[in-house]
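Only a predicted model underlies this, so the values are computations on that prediction, with no experimental measurement involved. What's counted below: heavy atoms across the whole structure, side chains too, no hydrogens, waters or symmetry copies.
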Amino acid sequence: MVKHNNVVPNIHCHKKYCESSRGPLKVRLTLNQAGKKKSRRLARAAKAAAIAPRPLKLLRPSVHCQTQRYSAKVRLGKGFTLEELKAAGLTARFARTVGIAVDH
């Protein structure tokens with residue numbers, strides 16, 4: 001039970017401490033942020049080049065959000081329906097092989 005008029009403990013530990021034998025003494029620095037950014041960018045480019053000419057992600061339809069508040073917003077849907085694929089002259093199996101998302 002808390003006694004007296006003390007502050008409610010609500011600490012926000014945003015610092016990352018390096019562990020050592022004497023406890024957490026040094027704060028871990030993120031001086032390699034720019035280097036990691038470059039590494040991620042190069043890895044994305046390498047992945048895109050490896051699977052070229054295919055796209056990185058599946059082709060998805062653009063749909064409107066459902067509720068009244070968000071109905072003006074356009075987002076990516078789950079996939080094309082079988083009727084839409086049939087109208088385009090594609091089968092569901094072939095569409096999956098060429099990178100088109102299918103929703104049945």
Side-chain angles (χ1 to χ4, degrees):
M1 184 75 191
V2 178
K3 299 201 184 253
H4 308 298
N5 190 18
N6 297 327
V7 177
V8 176
N10 187 17
I11 60 171
H12 302 283
C13 296
H14 292 291
K15 289 191 172 92
K16 302 290 184 200
Y17 290 94
C18 297
E19 289 296 325
S20 68
S21 60
R22 295 179 293 154
L25 299 175
K26 293 192 290 185
V27 176
R28 185 179 300 145
L29 301 177
T30 56
L31 299 176
N32 59 348
Q33 183 179 9
K36 286 192 175 222
K37 178 181 178 180
K38 184 177 180 183
S39 302
R40 286 192 301 269
R41 184 174 59 83
L42 293 176
R44 281 195 299 270
K47 181 180 177 182
I51 65 170
R54 291 187 298 149
L56 280 175
K57 297 181 180 178
L58 294 177
L59 180 67
R60 297 181 183 276
S62 58
V63 296
H64 286 273
C65 296
Q66 292 183 345
T67 58
Q68 185 176 3
R69 178 178 178 180
Y70 297 106
S71 60
K73 184 178 169 113
V74 177
R75 64 173 176 84
L76 292 179
K78 185 176 179 184
F80 292 95
T81 61
L82 298 176
E83 292 80 22
E84 291 170 336
L85 291 174
K86 189 174 184 181
L90 301 173
T91 62
R93 181 175 292 193
F94 176 75
R96 286 190 184 96
T97 61
V98 293
I100 299 173
V102 179
D103 181 27
H104 51 278

Nearest 0.5 Å, please: how far is CZ in R96 from OG1 in T91?
9.5 Å
Taking a hydrophobic cluster as the set of Ile, Leu, Val, Met, Phe, Trp and Tyr residues connected by side-chain heavy atoms closer than 4.5 Å, whether directly or through intermediates, do Y70 and V63 fall within one such cluster?
no
Would you say that Y17 contacts V27 through its side chain, given a criterion of any heavy-atom pair below 4.5 Å between the two side chains?
yes
Applying a strict under-4.5 Å side-chain criterion to I, L, V, M, F, W and Y, I'd like to know whether L90 and L82 cluster together.
yes
Does T81 offer a backbone N or O that forms a donor-acceptor pair with the side chain of E84 under 3.5 Å?
yes
Between H64 and S71, the two heavy atoms sitting closest are ND1-O, 3.1 Å
Do L85 and F94 have side chains that get closer than 4.5 Å, going by heavy atoms?
no
Interatomic distance, H104 atom NE2 to K78 atom NZ [nearest 0.5 angstrom]
7.0 Å
When every non-hydrogen atom of G79 is compared with those of R60, the smallest separation belongs to N-NH1, 4.4 Å
Nearest heavy-atom pair of A95 and V102: which atoms, and what distance?
CB-CG2, 3.9 Å
Least distance between heavy atoms, C65 atom then R75 atom:
SG-CD, 3.6 Å
With a 4.5 Å cut-off on side-chain heavy-atom distances among I, L, V, M, F, W and Y, is there a chain of contacts connecting F80 to V98?
yes
Could you tell me the separation between the CG atom of L56 and the CZ atom of R44, rounded to the nearest 0.5 Å?
9.5 Å
